[in-house]
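Below: one structure, written as structure tokens.
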Amino acid sequence: MPRKILSDLRIATMQAADVPYGMVEHGAIGIEDGRVAWVATVDTIPSDWKSVEAEQFEGRLVTPALIDCHTHIVHGGNRAREFEMRLEGASYEEIARAGGGIVSTVSATRAVSERELVETALPRLDRLIAEGVSTVEVKSGYGLTINDELKMLRAAHRLEKLRSVRIRTSYLGAHAVPPEYKGRADAYVDEVAIPGLEAAHAEGLADAVDGFCEGIAFSPEQMARVFDKAKQFGLPVKLHAEQLSDLGGAKLAASYGAISADHLEYLGADGITAMAGSGSVAVLLPGAFYFLRETRKPPVEGLRAAGVPIAVATDCNPGSSPMTSLLLAMNMACTFFRLTPEEALAGVTREAARALGLADEIGTIAPGKRAELAVWDVTEPAELAYRIGDNPLHRRIVEAAP
């Protein structure tokens with residue numbers, strides 16, 4: 001594979017350093033075999049690369065390609081009418097009686113084919129790619145039968161064949177209790193969630209195992225049974241935790257060495273301590289916070305003080321965060337949760353990679369990492385989080401690596 005040099009760039013390497021954003025001014029990047037060979041200033045390009053013609057970028061900013069580490073982009077239907085009903089004054093119970101809520105998405109997802117799931121997910125994926133995203137995590141969780149959960153995961157994997165993007169899948173069989181198991185959550189775990197995980201693993205469809213630990217979903221004890229099976233298979237775990245109350249989900253996830261715990265609005269001090277000890281990433285989802293008009297914010301100061309890595313994601317889903325802009329998620333994370341622009345950018349690059357177990361491959365611009373980059377028409381990296389409804393992407397660069 002031929003060598004390439006990208007030159008005349010401001011390089012936000014996003015490596016942890018004394019320099020904000022790990023910035024290299026007047027920089028150049030050498031690429032060989034789809035990976036970053038070196039990062040240097042334009043006047044210190046390695047001598048054995050002098051014969052390679054450099055592509056000039058006129059002082060533009062380059063960052064690692066963005067990573068959306070928590071999405072539900074594969075699903076059937078939408079919940080726009082439910083949104084309208086809420087604004088017209090309908091209660092949650094009234095919406096549920098009218099067939100709304102997660103039940104409507106489950107019904108819509110069960111009713112469509114794998115092909116239809118792919119076709120409806122592609123526009124969402126394309127909007128993320130158009131903002132410089134190279135990696136997207138996709139969850140199941142709206143099928144809630146073994147066959148429909150597998151259908152969702154197969155559709156997610158199909159996306160990777162249709163676009164130049166990396167898809168990481170999370171089996172989310174323990175997302176909600178479907179209507180046919182109402183009041184029988186334990187039976188659902190035994191008869192669907194765990195056997196579904198076994199089937200997904202046998203087919204190689206799951207990169208990780210997720211769940212929703214909440215009063216309206218599954219208890220820590222029920223999630224532990226799912227995680228025990230994941231551990232048996234050597235699959236990493238993550239958890240929707242402490243979104244609506246503190247059931248100790250993050251602490252449970254940390255005890256299994258979870259790669260992340262997500263939402264965390266009600267996370268307490270013991271959960272923070274547990275996550276710091278396990279190295280679990282805190283994935284903040286400001287889109288859901290905004291859309292649901294929540295008031296309880298994640299304990300960002302406590303996470304910072306404990307050294308817990310913080311990632312940011314869209315949580316793209318039909319019910320609580322119908323958002324397909326990771327740039328907007330960055331702005332919301334700064335505006336609502338008071339992240340700094342540097343923390344927000346790290347949250348969709350370096351820490352998002354960590355939240356997917358991919359920190360050795362992507363998330364920073366460094367020798368040996370995959371050459372997955374986003375070049376921006378901005379002057380300062382803070383502009384990526386500052387602007388609202390703007391997409392200053394100049395070019396997404398995703399080099400194939402062996």
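Just so it is clear, the model here is predicted, and its values are computed rather than measured. All heavy atoms count here, side chains included; hydrogens, waters and symmetry mates do not.
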Check whether Glu242 reaches the backbone of Gly248 with its side chain - one donor and one acceptor, N or O, closer than 3.5 Å.
yes
If only atom types and distance count, is the side chain of Glu149 paired as donor or acceptor with the main-chain N or O of Gly143 below 3.5 Å?
yes
Indicate yes or no: does Lys238 engage Asp262 in a salt bridge with an N to O separation below 4.0 Å.
no
Just one of Val378, Leu61, Val375 clears the side chain to side chain contact (heavy atoms under 4.5 Å, CB included) bar with Pro392, so which one?
Val378
Any side-chain heavy-atom pair from Leu66 and Thr349 closer than 4.5 angstrom?
yes
Quick one: do the Ser104 and Ser107 side chains pair a donor with an acceptor below 3.5 Å?
no
Heavy-atom closest pair (Leu327 atom, Leu384 atom, distance to 0.1 Å) is CD2-O, 3.9 Å
Under 3.5 Å: donor-acceptor pair, side chain of Asn391, backbone of Ala130:
yes
Counting heavy atoms not belonging to Lys139, are there more than 12 under 6.0 Å from its NZ?
yes
Within this structure, what is the OG-CG distance for the pair Ser320 and Leu285, rounded to the nearest 0.5 Å?
8.5 Å
Keeping the roles fixed (side chain from Trp38, backbone from Val36), state whether a donor-acceptor pair exists under 3.5 Å.
no
Is there a donor-acceptor contact under 3.5 Å from the side chain of Thr314 to the main chain of Cys316?
yes
Using side-chain heavy atoms (C-beta onward) and a distance below 4.5 Å, is Asp210 in contact with Tyr171?
no
Could you check if a side-chain atom of Leu144 sits within less than 4.5 angstrom of a side-chain atom of Val192, using non-hydrogen atoms only?
no
Should the pair Glu137-Arg168 be classified as a salt bridge under the 4.0 Å nitrogen-to-oxygen rule?
no
Short N-O contact, Arg296 and Glu265, less than 4.0 angstrom
no
Taking the basic N atoms (NZ, or NE/NH1/NH2) and the acidic carboxylate oxygens, is any pair closer than 4.0 Å for Arg225 and Asp190?
yes
salt_bridge(Glu180, Arg110) N-O dist < 4.0 Å
yes
Would you confirm whether Ser260, through its side chain, and Ser280, through its main-chain N or O, come within 3.5 Å as a donor-acceptor pair?
no
With a 4.0 Å cut-off on N to O distance, would you call Glu343 and Arg304 a salt bridge?
yes
Assess whether atom CZ of Arg338 is packed by more than 12 heavy atoms of other residues, nucleotides or ligands within 6.0 Å.
no
Can you confirm whether His157 is buried at NE2, in the sense that more than 12 heavy atoms of other residues, nucleotides or ligands lie under 6.0 Å from that atom?
yes
Looking only at heavy atoms, which two atoms of Val74 and Ala155 are closest? And how far apart?
CG1-CB, 4.1 Å
Does atom OH of Tyr290 have more than 12 heavy-atom neighbours, drawn from other residues, nucleotides or ligands, at distances under 6.0 Å?
no
Side-chain heavy-atom pair Tyr142, Met152 within 4.5 angstrom cut-off:
yes
Any sub-3.5 Å donor-acceptor pair from Asp207's side-chain atoms to Thr169's backbone N or O?
yes
Sub-3.5 Å donor-acceptor pair from the side chain of Asp315 to the main-chain atoms of Ala288, do we have one?
no
Hey, does Asp228 have a side-chain heavy atom less than 4.5 Å from the side chain of Tyr256?
yes
For residues Ile365 and Leu373, determine if any side-chain heavy atom of one lies less than 4.5 Å from a side-chain heavy atom of the other.
yes
Does Lys151 form a salt bridge (charged side-chain N to carboxylate O under 4.0 Å, His left out) with Glu114? I'd like the steps, not just the answer.
CA-CA 6 Å; Lys151 178 178 70 176; Glu114 178 185 329; over 6 Å; no
How long is the straight-line distance from CG of Leu128 back to OG of Ser134, given to the nearest 0.5 Å?
11.0 Å
Looking at Trp49, I'd like to know if the NZ or CZ of Arg3 sits under 6.0 Å from its six-membered ring centre while staying within 45 degrees of the ring's axis.
yes
May I ask you to check whether Ser245 and Glu214 show a side-chain donor-acceptor distance below 3.5 Å?
yes
Tell me whether Glu399 is salt-bridged to Arg370, with the criterion being a basic N under 4.0 Å from an acidic carboxylate O.
no
Nearest heavy-atom neighbours spanning Ala282 and Leu264:
CB-CD1, 3.5 Å
Keeping the roles fixed (side chain from Glu82, backbone from Gly101), state whether a donor-acceptor pair exists under 3.5 Å.
yes
Before accepting this row, confirm whether a basic side-chain N of the pair Lys4/Glu53 lies closer than 4.0 Å to the acidic partner's carboxylate O.
no
Does anything in residues 293-344 pair up under ring-ring contact (aromatic ring centres under 6.0 Å, His included), and if so which pairs, sequence neighbours excluded?
Phe289-Phe336, Phe289-Phe337
Shortest non-hydrogen contact between Glu191 and Ile146, atoms and distance:
O-CD1, 3.9 Å
Treating Ser321 as the side-chain partner and Asn317 as the backbone partner, does any N or O pair qualify as donor plus acceptor under 3.5 Å?
no
Any salt bridge between Arg127 and Glu131, counting N to O under 4.0 Å?
no
Answer yes or no: is there a side-chain heavy-atom contact under 4.5 Å between Leu150 and Leu205?
yes
With Lys369 as partner, the option from Asp360, Thr13, Thr364 fulfilling side-chain hydrogen bond (donor to acceptor under 3.5 Å, both in side chains) is Thr364
Near-ring test His75/His175, centroid separation under 6.0 angstrom:
no
Check this for me, if you would: do Glu160 and Arg158 make a salt bridge, where the nitrogen-to-carboxylate-oxygen distance has to be below 4.0 angstrom?
no
Less than 4.0 Å between a side-chain N and a carboxylate O, is that true for Arg35 and Glu361?
yes
Would Arg166 and Glu372 pass as an ion pair if we require N to O under 4.0 Å?
yes
Can Thr41 and Asp43 be counted as having a side-chain donor-acceptor contact under 3.5 angstrom?
yes
Between Thr120 and Leu117, which heavy-atom pair has the shortest distance, and what is it?
OG1-O, 3.2 Å
Determine the minimum heavy-atom distance between Leu247 and Pro220, stating which atoms define it.
O-CG, 3.3 Å
